[in-house]
A.B. asks: 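Right, I'll just put the structure down here and ask away after.
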Protein chains: 2
Amino acid sequence: MSTNSKEAILTAARGIAQARGYGGLNFRDLADEVGIKAASIYYHFPSKAELGVAVAKRYREDNAAALEALAVETGDPAVCLKRYPETFRSALTNDNRMCLASFMAAEHDDLPEPIRIEIRAFADVNVAWLADRVTEAKIVDAGQSQARARAIFAAISGAQLMARSRDDLALFDHIVADYQAAGLLPI
Amino acid sequence: MSTNSKEAILTAARGIAQARGYGGLNFRDLADEVGIKAASIYYHFPSKAELGVAVAKRYREDNAAALEALAVETGDPAVCLKRYPETFRSALTNDNRMCLASFMAAEHDDLPEPIRIEIRAFADVNVAWLADRVTEAKIVDAGQSQARARAIFAAISGAQLMARSRDDLALFDHIVADYQAAGLLPI
DNA sequence: ACCTGAACACCGTTCAAGT
DNA sequence: ACCTGAACACCGTTCAAGT
C-alpha cells in the first residue's frame with residue numbers, strides 16, 4: 001500500500017458497508033481486503049462503532065462536496081435536479097451497492113448513536129441542497145421547497161432500494177422517469 | 001404457549017426481522033422470546049435460511065390478504081390509494097419497525113436466493129395491486145398504470161425508511177402529503 | 001509507529017441424548 | 001413429538017508481545 005492503512009481501512013470499510021451494511025461489516029474480511037490482520041484495525045480505530053462513525057462521516061462529507069461541485073458546475077437548478085439521481089445511480093453501477101445512509105437507516109435499531117447522528121446529517125445535507133435548487137427553480141409555491149425536497153430525497157432512496165433488490169439498474173432509471181412523469185421531479 | 005412453537009417462532013422472528021433485519025435475527029434471542037432453547041428451533045426449521053424463507057413467505061401472504069381486504073372493503077380505487085400508506089405507517093407505529101421486504105432489499109447481498117425471490121414477489125404483489133387501483137381511478141394515461149404503481153411503491157418505501165432513521169412518525173405523514181401535493185398520489 | 005497471535009464471550013449449526 | 005447441553009468454527013475485542 002502506498003497510501004496509509006488508515007485510509008485503506010476507511011475506503012474498504014465504506015465499500016463493504018454499502019454492500020452489506022454496518023452489521024455485515026466484519027473485521028476479518030475487512031482486514032483481508034486491506035492486507036493486515038483483524039487485530040491491527042484496532043491500532044487505527046478503537047472499536048467497530050468508531051470505525052463506523054468515521055466511515056459515515058467521510059461518506060457524508062464526500063457527498064456534500066459532490067453536491068456542491070454539481071451546483072457550481074451548472075448554475076441551472078433544473079439541471080441540478082435532473083442530475084441529482086446520478087449519485088444514487090452510480091452506487092448501483094458499483095456492484096449493485098447502495099447509499100450508506102439508506103442501509104444504515106434500515107439498521108437504525110442496531111446502530112450506535114453517533115452513527116445515527118451522521119445518517120441524519122447526511123439526509124439534512126441532501127434535503128437542504130435539494131430545497132435550494134427547488135427554490136431557485138421555482139417549481140413549487142414559496143414555503144413548499146423543504147417539503148418537496150424531502151419528498152424527492154425519500155423517493156429517490158426508495159427507487160434505489162427497489163432497484164437493488166432486483167439488481168436492476170434499468171428499473172432505477174424507469175422509476176426516476178416515473179417520478180418525472182408524475183410531477184415530483186422536473187422534466 | 002397455547003399456540004404451537006412453530007407459529008410462535010414465526011411470529012417472533014417476523015417482529016425481530018422487521019426491527020433488525022435477517023442478519024440481526026439470531027437464534028438465541030429468538031429462542032428466548034419464544035421460551036425455548038436455540039437448538040430447539042432446528043426441530044421446526046432446518047436452518048436460518050429456511051426460517052427466513054418461511055417468515056418472508058408468510059409476510060408476503062399476509063400483506064396480499066390485507067390489500068385484497070382493503071380492495072373489498074371499499075370499491076373506490078381513490079380511497080384505496082389514499083389508504084395504501086397505512087400498512088407502512090402501522091409498521092412504524094409498531095416500535096419504529098419497517099417493512100420486512102424493504103429491510104431485506106437492503107440486505108440483498110447476504111440473502112439466500114429463496115428469500116430474494118419472496119422479496120421480489122412482495123414487491124410484485126404491491127405493484128400489481130397499485131396498478132389495478134391506478135387503472136380503475138384513471139389517474140394516468142392508459143399504459144402508464146404499471147409505471148405509476150412502481151413509483152408509488154418505491155416512494156412510500158423510501159418515506160418509511162427516512163421516517164424510521166429519525167424515529168419520526170410525523171415525518172412519514174408529511175412525506176406522504178408531499179407526494180400528494182406533488183401529484184404522485186391522488187389527494 | 002504499526003502489526004501480530006492467542007485468548008475471550010458471542011454467533012449458526014450439529015448431534016447425541018433426554019422426555 | 002419436542003426439547004436440551006455440549007461442542008464446532010465464526011464474530012468483536014483485548015492484550016501482551018513483536019518489529
Side-chain angles (χ1 to χ4, degrees), chain A residues 1-56 100 103-104 106-116, chain B residues 1-56 100 103-104 106-116:
Chain A
M1 291 288 152
S2 52
T3 55
N4 61 66
S5 288
K6 187 163 186 170
E7 283 300 318
I9 292 168
L10 274 177
T11 302
R14 171 188 153 152
I16 295 172
Q18 282 188 254
R20 317 165 78 91
Y22 178 72
L25 173 68
N26 82 71
F27 278 42
R28 283 169 180 92
D29 290 346
L30 172 57
D32 269 356
E33 203 168 310
V34 175
I36 55 177
K37 299 294 171 183
S40 305
I41 296 173
Y42 286 87
Y43 177 77
H44 303 281
F45 301 95
S47 67
K48 182 177 177 180
E50 298 266 8
L51 170 60
V53 173
V55 169
L100 183 67
F103 209 138
M104 288 183 165
E107 291 178 301
H108 181 265
D109 286 10
D110 285 324
L111 249 33
E113 185 60 23
I115 298 187
R116 290 180 183 159
Chain B
M1 291 289 150
S2 51
T3 54
N4 61 66
S5 287
K6 187 164 187 170
E7 283 301 317
I9 292 168
L10 274 177
T11 302
R14 172 186 153 152
I16 295 172
Q18 282 188 255
R20 316 164 79 90
Y22 178 72
L25 174 67
N26 83 71
F27 277 43
R28 283 168 180 93
D29 290 346
L30 172 58
D32 268 357
E33 203 168 309
V34 175
I36 55 177
K37 299 294 172 183
S40 305
I41 296 172
Y42 286 87
Y43 178 77
H44 302 282
F45 301 95
S47 67
K48 181 177 177 179
E50 298 267 7
L51 170 61
V53 174
V55 169
L100 183 66
F103 210 138
M104 288 183 165
E107 291 178 300
H108 181 266
D109 286 10
D110 285 324
L111 250 35
E113 185 60 22
I115 299 188
R116 290 181 184 158

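When reading the values below, keep in mind they use all heavy atoms of this one structure, side chains included, and skip hydrogens, waters and symmetry mates. Note that the structure is a prediction, hence the values are computed from the model and not measured. A note on names: the letters A, B, ... follow the listed sequences, proteins ahead of strands, and every chain is numbered from 1.
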A.B. asks: To the nearest 0.5 Å, what is the distance between CD1 (A:Ile16) and CD (A:Glu33)?
C.D. replies: 4.5 Å
A.B. asks: Of all the heavy-atom pairs spanning B:Leu30 and B:Ala12, show the shortest one and how long it is.
C.D. replies: CD1-CB, 3.6 Å
A.B. asks: Could you let me know what C:dG5 is paired to, Watson-Crick or G-U wobble, both distances under 3.5 Å, or none if it's on its own?
C.D. replies: D:dC15
A.B. asks: A side-chain contact here means heavy atoms from C-beta on lying under 4.5 Å apart; do A:Met104 and A:His108 qualify?
C.D. replies: no
A.B. asks: For B:Ala8 and B:Val34, which heavy atoms make the closest approach, and how far apart are they?
C.D. replies: O-CG2, 3.8 Å
A.B. asks: Regarding B:Arg20 and A:Asp110, does a basic nitrogen lie under 4.0 Å from an acidic carboxylate oxygen?
C.D. replies: yes
A.B. asks: Among residues 9-22 of chain B, which contact DNA chain D at a heavy-atom distance under 4.0 Å?
C.D. replies: none
A.B. asks: May I ask you to check if A:Lys48 and A:Tyr42 form a cation-pi contact, with NZ or CZ under 6.0 angstrom from the six-membered ring centre and within 45° of the axis?
C.D. replies: no
A.B. asks: Under a 3.5 Å limit for both distances, which nucleotide forms a Watson-Crick or G-U wobble pair with C:dC10, could you say?
C.D. replies: none
A.B. asks: Can you check each nucleotide of nucleotides 2-14 of chain D against protein heavy atoms at under 4.0 Å and return B for base, S for sugar-phosphate only, - for none, in 5' to 3' order?
C.D. replies: BSBB-----BBBB
A.B. asks: How many angstroms lie between atom CD1 of B:Ile36 and atom CD1 of B:Ile9, to the nearest 0.5 angstrom?
C.D. replies: 4.0 Å
A.B. asks: So, A:Tyr22 side chain and A:Ile115 main chain: donor-acceptor pair closer than 3.5 Å or not?
C.D. replies: no
